There are 2 protein chains.
Amino acid sequence: MSNKAKRMNYHVGNLEPQLIDQAKKMLEEVGPDKLSIRAIAEQLGVSATAVYYHFANKDELISHLAADGFMALEKVLVDSQVGVDVRHKMQVTSKAYMLFAFEHPAMYQLMFGSQLAHSEMNSKLFIARKQAYAVVEQCVAEVLGQDVQSKEVRSAALAAWSFAHGLASLRIHNVFQLPEQFSKDALIEKALLGFNQLVKVHM
Amino acid sequence: MSNKAKRMNYHVGNLEPQLIDQAKKMLEEVGPDKLSIRAIAEQLGVSATAVYYHFANKDELISHLAADGFMALEKVLVDSQVGVDVRHKMQVTSKAYMLFAFEHPAMYQLMFGSQLAHSEMNSKLFIARKQAYAVVEQCVAEVLGQDVQSKEVRSAALAAWSFAHGLASLRIHNVFQLPEQFSKDALIEKALLGFNQLVKVHM
DNA sequence: ACCTGAACACCGTTCAAGT
DNA sequence: ACCTGAACACCGTTCAAGT
C-alpha cells in the first residue's frame with residue numbers, strides 16, 4: 001500500500017501532529033539544510049500546500065521542531081543531575097549536554113543554526129529555550145553557591161554554555177579531523193581535560 | 001551603464017577572481033544560506049552556467065571563500081599578538097578571534113557552518129583552517145610553557161577554541177536575548193569574566 | 001578556452017477553488 | 001474547516017551548442 005493510497009478520504013483530521021512527526025523524522029535523515037516542506041507533505045501523501053493551512057510558513061514549522069528539541073534537551077539535563085553530588089554536577093550536566101548534541105546532530109543544528117537565527121521567534125520556542133538554559137544557570141548557581149541572578153552566576157553560565165556549545169558545534173560540523181575510532185565520550189573527556197589545563201592561564 | 005551592458009565582449013578573461021569577489025560581497029549582504037550562484041552570475045552580467053566552467057559546483061566556490069576566510073582569521077590572530085606579554089596573550093588572542101567572528105558573521109558562519117560540513121574538503125581550505133588553528137595551539141603552548149604536541153596543549157587548545165567558537169556561534173545565531181546597547185566588547189568581557197568564575201568549579 | 005540557452009529536477013509560497 | 005492544483009519566482013546542475 002503506497003503512501004498516496006493510504007488515505008483517500010481527502011482530509012485527515014490530525015494532520016498537524018503528523019507533519020511535525022514526519023518533519024522530525026526527515027530532519028535527522030536529511031539534515032536541517034535539506035529539510036523540505038514539499039518532501040514532508042509528499043511522504044504523508046498530502047499536497048505541499050496543505051502545510052500552509054497549519055503553519056504560516058516553513059519557519060513556523062521549524063520553530064515547533066526546535067521547541068520540542070529544547071524541551072528534550074531540558075529533560076536530558078535535569079535527568080542527568082538526579083542523585084549527583086554538587087561537586088560533580090557541573091561536569092555531569094556538561095557531558096549530558098554535549099552527548100545530546102552528538103546524538104541528535106541535525107536537531108541540534110536546527111536549534112542553534114542559522115535557520116531560526118532571524119525568524120520571528122515563536123514564543124513557545126523562546127520559552128523552551130529559556131527553560132533549558134535555566135537548568136544550566138541553576139546548576140552553576142548551586143555549584144558556585146551564589147544567587148542565580150548574580151553577575152557571577154550569569155556570566156559563568158554563559159561561559160559554560162559557550163564551551164559546551166562550541167565543542168558540540170565544532171564536532172557536528174566536522175571542523176576537526178578526528179581519528180576514526182575517537183568516540184564521543186573520548187572527545188568530551190579531552191575537552192574537559194583541556195578546560196582544566198586552561199584554568200592555569202590568565203584570561 | 002547596466003551590469004549586462006558592461007561587457008558585451010562575450011568572454012571576460014578573469015571571471016574566476018571576479019566570481020569570488022562578488023560572492024564574498026554578496027555573502028555578507030544576504031548571509032550564507034541565501035548565497036546563490038545564479039544571483040552572483042547575474043550581478044556580474046554573466047550566465048549562471050559560466051560559473052561551472054571555473055568551479056565544479058557551489059561547494060567548490062564556497063570552499064574558496066571559506067579558505068580566504070581562514071587566512072584572514074589567521075592574520076587577525078597573529079597581528080593581535082604582536083608585542084603582547086605572554087601573560088596576556090591568551091586573552092588577547094581570544095578577543096581577536098571573537099571580534100573577527102562578530103565583524104564578519106556571514107563569513108564566520110560559512111567557515112564553521114553546515115554548508116562545508118560534509119563536502120569533499122578542498123585541500124586549500126583544509127590547510128588554511130589548520131594554519132589558523134595552529135596559531136591558537138602555538139599560543140596555548142607558549143602560555144602553558146609546554147610542547148605544542150603535548151596532550152596538555154592539544155586539549156587546552158581544543159577547549160579554548162570551543163569556548164571562543166561557542167560564544168561567537170551563540171551570538172551570531174542570536175541565541176541569547178541581549179539588551180539593545182550591549183556591545184560586542186561587553187559580551188566578550190562578560191564571557192571572559194564567566195570563564196574565570198567557572199575556574200572555581202570542578203570539571 | 002571560455003561562455004550561453006534550454007532543460008531538468010528541485011525549492012517556498014500564494015491564491016482561487018474544491019469538498 | 002480542511003485540503004488541492006495551478007502558478008510564480010526562485011534554486012543547483014547538466015549538456016549540447018555557440019564564439
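For clarity, every value in this text was computed on a predicted model and none was experimentally measured. In the text below, chain A, chain B and the rest are named by the order of the sequence lines, each starting its count at 1.
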Search all heavy atoms of L116(B) against all heavy atoms of A66(B) and return the closest pair with its distance.
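For L116(B) versus A66(B), the nearest heavy atoms are CD2-CB, 3.7 Å.
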Any carboxylate oxygen within less than 4.0 angstrom of a Lys/Arg side-chain nitrogen, looking at K124(A) and D68(A)?
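Salt bridge present between K124(A) and D68(A).
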Look at K190(A) together with D185(A) and state whether they make a salt bridge at an N to O cut-off of under 4.0 Å.
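Judged by the 4.0 Å cut-off on N to carboxylate O distance, K190(A) and D185(A) do not form a salt bridge.
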Respond yes when some side-chain nitrogen or oxygen of H54(B) is under 4.0 Å from OP1 or OP2 of dA1(C), and no when none is.
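So the side chain of H54(B) is outside the cut-off, no N or O lying under 4.0 Å from OP1 or OP2 of dA1(C).
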Is any side-chain nitrogen or oxygen of Y53(A) closer than 4.0 Å to OP1 or OP2 of dC3(D)?
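Indeed not, no polar side-chain atom of Y53(A) lies that close.
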Length of the [atom1]-[atom2] vector between [X] and [N], whole Å:
X: F55(B); N: dC2(C); atom1: CZ; atom2: P; answer: 13 Å
X: M26(B); N: dC10(D); atom1: CE; atom2: C1'; answer: 13 Å
X: E16(A); N: dA1(D); atom1: CD; atom2: P; answer: 15 Å
X: E42(A); N: dG5(D); atom1: CD; atom2: P; answer: 13 Å

Does the side chain of M111(A) come within less than 4.5 Å of V175(B)'s, by heavy atoms?
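With C-beta onward as the side chain, the pair stays apart.
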Below 4.5 Å, heavy atoms only, C-beta onward: do L19(B) and I37(B) meet side chain to side chain?
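They are not in side-chain contact.
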Counting only Watson-Crick or G-U wobble pairs whose two distances fall under 3.5 Å, which nucleotide matches dC11(D)?
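Check on dC11(D): unpaired, no WC or wobble geometry under 3.5 Å.
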Taking a pair as Watson-Crick or G-U wobble with both distances under 3.5 Å, which nucleotide is matched to dA17(C)?
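Base partner found: none.
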Which letters describe nucleotides 11-16 of chain D, given B = protein heavy atom under 4.0 Å from base, S = only from sugar-phosphate, - = neither?
BBBBB-
Please say whether the positively charged group of R171(A), taken as NZ for Lys or CZ for Arg, lies over the ring of F176(A), i.e. under 6.0 angstrom from the six-membered ring centre and within 45 degrees of the axis.
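Not satisfied by the 6.0 Å and 45° rule.
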